[in-house]
Amino acid sequence: MFNFMKKKTTKTETPQQQAERDSAVDKVLLGYEIGAVSIATMVTGLERDGEALTLDLRLPKDSNPEVIQQELGQLLHPHGITTIHMNVRLPAPEKGSGSSLPKQMPKTTNAMESQPSSGANNNTSSTNAEPPITKAAPTQASLAAHPRIRHIIVVASGKGGVGKSTTTVNIALALQKLGNRVGVLDADIYGPSMPTMLGVADVKPQLENEQFVPVDAHGMAMLSIGSLLDGDNTPVAWRGPKATGALMQLYNQTNWPQLDYLVIDMPPGTGDIQLTLAQRIPVTGAVIVTTPQHVALLDAQKGVEMFNKTNIPVLGVVENMALHTCSNCNHTEAIFGTGGGEFIAEQYHVPLLGQLPLASGIRAQVDKGVPSVLADDEFAQYYLDIAKNIETNINKFAKPVDDKRIF
């Protein structure tokens with residue numbers, strides 16, 4: 001399996017070496033304890049660059065970061081990790097207490113330069129207690145636009161099973177049919193479906209100058225973790241930091257062509273991947289997909305609230321599975337209820353971009369790898385109308401592009 005940690009350009013690891021080294025890091029972190037608690041529970045970020053490991057840690061008070069760094073270095077050195085970077089956050093001292101914190105966090109060192117002389121929980125001799133300096137998370141306003149991508153649209157839902165991925169791929173194809181240059185990024189790391197839906201499940205991306213070359217899917221540039229796995233049954237059993245690292249590598253280390261739109265298929269929920277995207281990828285706006293069902297609306301509202309709090313504009317709502325027409329008697333019925341998409345659109349003052357039917361034909365087309373817009377079937381016009389509604393207001397949310405930026 002492809003390893004989504006940054007690799008040194010001076011030394012190439014085989015897939016087996018990557019997997020073995022990552023597994024060894026996991027085992028060491030799980031087994032190393034501070035006050036009878038595994039340090040793995042204190043890791044908020046993890047990245048490996050060949051023989052160097054970077055850890056973001058939230059440690060308990062009275063911890064000794066320098067000793068922890070040395071001891072982890074000893075444990076990891078047999079597995080090929082020679083340098084450990086630690087970004088540490090410790091609790092601020094209580095007012096009036098005599099406790100102290102290190103004035104300065106330990107610098108990057110060779111983990112094997114010296115031997116520790118005491119346990120991980122011993123105090124250092126440092127004085128002048130100061131709370132740790134922490135850097136605020138990036139915001140959308142501070143993110144520069146991608147130099148080759150005009151608009152980045154995320155298609156999201158608060159829960160699974162509402163047809164988000166089917167809607168994503170058809171919206172992308174509809175935007176392309178309207179004359180735009182379109183790319184698709186499958187950010188659903190745990191359940192990638194774009195390669196199958198676009199009929200390119202067996203196509204692997206090429207590497208060029210240590211960057212992915214996107215797969216050509218019916219004229220669109222597409223990349224998915226599913227394109228890198230060995231087979232359809234290969235699970236992605238990764239912790240949050242590794243999954244978010246995978247997303248950022250798919251975005252940053254891909255040689256995207258000049259695009260008018262990059263459409264990102266998001267995983268369900270409001271977890272690590274969504275927050276990482278909000279802080280590190282310059283998003284023009286989000287499209288929320290829901291069904292009229294009450295429980296789906298509750299989760300869709302959470303999705304809207306998350307984007308509002310991360311300053312990502314919501315371009316509108318798509319109500320999927322709105323009506324079903326019986327193929328035998330032509331009776332039309334609102335199986336999942338009515339008015340759900342309209343309710344959210346009115347509540348948050350955003351457009352209702354479109355309502356899609358519950359139809360077996362839509363499902364059958366994506367299963368064949370020829371979505372409705374590509375097949376130009378009876379349902380294609382629904383998606384074209386949604387794409388037109390997106391284009392109507394998209395420019396007022398566009399981020400300024402710095403043409404002189406070296407990316």
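For the single chain, residues carry numbers from 1 onward in sequence order. Keep in mind the model is a prediction, meaning the values are calculated, not measured.
- Listed for the Gln140 side chain is a donor-acceptor partner under 3.5 Å among the backbone atoms of Ala278.
- To the nearest 0.5 Å, atoms NE2 (His146) and CG (Asn252) are separated by 7.5 Å.
- No side-chain donor-acceptor contact under 3.5 Å links Asp186 to the backbone of Pro192.
- Here the rule is side-chain contact (heavy atoms from CB on, under 4.5 Å) with Met266, and of Leu277, Val155, Leu247, Leu185 only Leu277 fits it.
- Interatomic distance, Arg150 CZ to Leu262 CG, rounded to the nearest 0.5 Å: 14.5 Å.
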Side chain to side chain contact (heavy atoms under 4.5 Å, CB included) between His79 and Val25, worked out: CA-CA 8 Å; His79 304 291; Val25 170; over 6 Å; no
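- Exactly one of Thr168, Asn320, Thr166 qualifies for a side-chain contact (heavy atoms from CB on, under 4.5 Å) with Val289. That residue is Asn320.
- In terms of modelled atom types and a separation under 3.5 Å, the side chain of Gln69 and the main chain of Ile84 share a donor-acceptor contact.
- Residues satisfying the side chain to side chain donor-acceptor pair (under 3.5 Å) criterion with Gln381, sequence neighbours excluded, are Asp385.
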Please list every donor-acceptor pair under 3.5 Å in which a side-chain atom of residues 366-376 meets a protein atom from a residue at least two apart or in another chain.
from   : atom 1 : to     : atom 2 : distance (Å)
Asp367 : OD2    : Arg363 : NH1    : 3.3
Lys368 : NZ     : Gln365 : OE1    : 3.4
Ser372 : OG     : Asp377 : OD2    : 3.0
Asp376 : OD1    : Lys177 : NZ     : 3.4

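- At least one side-chain heavy atom of Leu46 sits less than 4.5 Å from a side-chain heavy atom of Leu29.
- More than 12 heavy atoms of other residues, nucleotides or ligands lie within 6.0 Å of CZ in Arg181, so this atom counts as buried by the packing criterion.
- For the residue pair Tyr348 and Gln301, no side-chain donor N or O sits within less than 3.5 Å of a side-chain acceptor on the partner.
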